[in-house]
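First comes the structure, then the notes that go with it.
Numbered from 1 within each chain, the chains take letters A, B, ... in sequence-line order.
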Amino acid sequence: MNILHCDLDAFYASVEQRDHPELVGKPVIVGGLPGSRGVVSTCSYEAREYGVCSAMPAKQAYRLCPQAVFLPPDIPKYIRVSQDVFAILHRYSPVLEALSIDEAFLDVSGCHRLFGSSAQIAKMIKNDVLQETGLLISVGIAANKFLAKLATNLSKPNGLMELGNDEIAEILPSLPVSEIWGIGSKTAHRLNKAGIYTIADLLEFPRSKLETILGSNTDFYIQLCSGKDSRPVLSRSDRKSIGNEITFPVDLADQKEIEQLLLELSCQVAYRVRHASLIAHTVTIKMRTPDFQTFTRSQTLQQGVDADLTIYDIALNMYHQSGLAGKHLRLLGLSCSKLLERNLEQPALFADENDILDKIIDDMKDKFGSAAIKRGSLLNKKGRNM
DNA sequence: TCTGGGGTCCTAGGACCC
DNA sequence: TCTGGGGTCCTAGGACCC
């Protein structure tokens, strides 16, 4: 029982309730605003009582709970709080795997002499997080990652659950397959169509037929359903991609306007790439049409890129070659991948004037914030801000 | 009813190389 | 005239997670 899964309860909404005491006890919905095309990122437990949940369209959330307080997310603030919480977790074990901004696995094997049993460590973590950040965190304890995460899910909010062999034998068989980490709505639906609703159903199903649904992951999922999971807790390796995307308030077909937005995205992403001291070898654009079909185009380059206008040129070219130029779009995205550390890359012999301009703009963004300065061609007559 | 934005990982086909 | 097999990389799409 050495694996802990730690998950902050209703993270974004809880931070807002902490910072705005008048919101405590009220339904709070962080994410898209009611009139927008956004969705709910996180909602407080008060809002959940009305049927509101994560990923629900904001319009639908408003219909269910019009009295809720809708707030846009303040991601930089949540990142700061998250860092504080992860620092607390780090005190108890160096083997920490961050899953997201509000979730992490901790392997506490070898930490018992210093801190006591897993359950004692979990209690100390919950206490420290509450004392130092004012937030509630749920902790699941088990022999492996799958079961630890399950324990957290079963005990939220403000949970602390240790899943031992007896509990596993009792709980696991009747759980719906959608509770399995990695089984999403599509796969769950296909399993249901085959008559598989619970973990017990899955284990009784002929393996060969199961393989037509789960493919090469069949054995892995059978193991999970048997309560076995040999994946180690691993500190996150380097990030694989950096990207931004935007869903327009209304569908857009005007090429000039889309090109302008592509330039804005290029500048945002390039800035983040440079800020991380990285260089990208692949640029990808993403387009979504009003019927919700998503298309991507990507290009891999011999020479790594990090300049605003270089990335923009590549993106613009792909947009015009995509067959979607002039068509209505509801989403436009740009991302950079195949990232390498900049100092490992052979530097260009001469920095050109674009590099110098990027450097000046970056310095100003660092000092005054990203809204303070942008390229002249990004300022249209309305003074759009993004 | 109308579907965000940040990501990760996987698959399948095709090009290319030996 | 008929063309294997293995490996790697690229591209596009899709499932999934929070």
Side-chain angles (χ1 to χ4, degrees), chain A residues 5-13 29-43 51-64 70 72-73 75-76 78-79 82 97-105 145 149 152-153 156 178-191 213-217 220-221 231 234 236-249 251 265 268-269 272 281-302 318 321-324 330-339 386:
Chain A
H5 177 256
C6 307
D7 191 344
L8 287 152
D9 296 335
F11 181 44
Y12 296 179
I29 295 173
V30 182
L33 302 181
S36 77
R37 285 176 151 179
V39 302
V40 176
S41 284
T42 319
C43 55
V52 178
C53 62
S54 292
M56 175 182 280
K59 284 172 186 164
Q60 194 182 344
Y62 181 74
R63 255 178 267 122
L64 288 172
F70 285 79
I75 301 294
Y78 309 144
I79 289 175
S82 170
E97 178 177 339
L99 282 184
S100 70
I101 193 167
D102 62 354
E103 227 183 303
F105 284 114
K145 285 180 164 183
K149 189 164 162 66
T152 315
N153 289 345
K156 274 195 281 196
S178 55
E179 284 289 316
I180 303 168
W181 201 78
I183 303 290
S185 61
K186 304 271 180 183
T187 309
H189 187 243
R190 289 168 63 199
L191 288 168
I213 302 171
L214 299 176
S216 59
N217 296 319
F220 171 70
Y221 285 120
R231 293 170 300 171
L234 291 174
R236 270 268 176 216
S237 53
D238 301 333
R239 75 152 91 207
K240 306 280 189 283
S241 67
I242 294 176
N244 286 86
E245 60 186 55
I246 177 175
T247 294
F248 312 134
D251 298 339
L265 289 168
Q268 291 168 3
V269 174
R272 292 175 61 201
H281 284 262
T282 299
V283 178
T284 303
I285 61 167
K286 174 168 161 183
M287 295 154 287
R288 181 171 290 152
T289 47
D291 59 1
F292 225 72
Q293 282 198 84
T294 306
F295 301 87
T296 62
R297 293 292 181 272
S298 69
Q299 197 177 331
T300 298
L301 310 130
Q302 202 109 59
M318 289 192 290
Q321 301 286 316
S322 67
L324 291 167
R330 63 170 287 143
L331 172 146
L332 187 67
L334 187 147
S335 77
C336 283
S337 54
K338 283 209 188 326
L339 304 169
M386 220 179 99

From the candidates dC2(B), dG6(B), dG4(B), the one with an atom nearest any side-chain atom of Pro57(A) is dC2(B)
Contact string for nucleotides 10-18 of chain C, one letter per nucleotide 5' to 3', B = base within protein heavy-atom range under 4.0 Å, S = sugar-phosphate only, - = neither, reads SSSS-SSSS
Kindly say if Arg272(A) contacts the phosphate of dG6(B), meaning a side-chain N or O under 4.0 Å from OP1 or OP2.
no
In chain order, what residues pass the side chain to side chain contact (heavy atoms under 4.5 Å, CB included) check against Lys338(A), with sequence neighbours excluded?
His281(A), Thr282(A), Thr300(A)
Is Arg288(A) close enough to dG4(B) that one of its side-chain N or O atoms is under 4.0 Å from OP1 or OP2 there?
yes
With a 4.5 Å heavy-atom cut-off, do Asp238(A) and Leu339(A) have their side chains touching?
no
Does the side chain of Arg63(A) get closer than 4.0 angstrom to OP1 or OP2 of dC2(B) through an N or O atom?
yes
Ring pair (Phe, Tyr, Trp, His ring centres under 6.0 Å) filter on Tyr221(A), not counting sequence neighbours, yields none
Would you classify Gly32(A) as touching base, sugar-phosphate or nothing, given that sugar-phosphate means primed atoms plus P, OP1 and OP2, and contacts are heavy atoms under 4.0 Å?
nothing
Classify the nucleic acid contact of Gly31(A) as base, sugar-phosphate or nothing, counting any heavy atom under 4.0 Å across all strands shown.
nothing
Tell me whether the NZ or CZ atom of Arg288(A) lies within the 45° cone about the ring axis of Phe292(A) and under 6.0 Å from its centre.
yes
Between dC2(B) and dC17(C), how far apart are the P atoms? Round to whole Å, please.
25 Å
Counting just side-chain N and O atoms, does Arg239(A) come under 4.0 Å of either OP1 or OP2 of dG7(B)?
yes
Within this structure, what is the NZ-to-C1' distance between Lys286(A) and dT8(B), rounded to whole angstrom?
12 Å
Rounded to whole angstroms, how far apart are CD1 on Ile75(A) and C1' on dG4(B)?
11 Å
Would you say a side-chain N or O of Asn244(A) is under 4.0 Å from OP1 or OP2 of dG5(B)?
no
Grab the stems for DNA chain B, please: at least three consecutive Watson-Crick or wobble pairs, both distances below 3.5 Å, written as range with range.
B:5-18 with C:5-18
Would you measure the distance from the P atom in dG4(C) across to the matching atom in dA15(B) and give it in whole Å?
16 Å
State which residues pass side chain to side chain contact (heavy atoms under 4.5 Å, CB included) with Thr152(A); sequence neighbours excluded, sorted by chain then number.
His5(A), Asp7(A), Ser138(A), Lys156(A)
Judged by each residue's nearest nucleotide on DNA chain B, which is more toward the 5′ side, Gln60(A) or Asn217(A)?
Gln60(A)
Name all residues meeting the side chain to side chain contact (heavy atoms under 4.5 Å, CB included) criterion together with Ala61(A); count only those two or more places apart in sequence or in a different chain, and write none if there are none.
Ile29(A), Val40(A), Val52(A), Met56(A), Phe70(A)
Measure NZ/Lys240(A) against C1'/dC9(B) and give the value in whole Å, please.
10 Å
Using the test salt bridge (Lys or Arg N to Asp or Glu O under 4.0 Å), find all partners of Arg231(A) that sit at least two apart in sequence or belong to another chain.
Asp229(A)
Salt bridge (Lys or Arg N to Asp or Glu O under 4.0 Å) partners of Lys59(A), counting only residues at least two apart
none
Taking only residues two or more places apart in sequence or in another chain, which ones pass side chain to side chain contact (heavy atoms under 4.5 Å, CB included) with Arg37(A)?
Thr247(A), Asp251(A), Arg330(A)
Does Arg330(A) put a side-chain nitrogen or oxygen below 4.0 Å from OP1 or OP2 of dC2(B)?
no
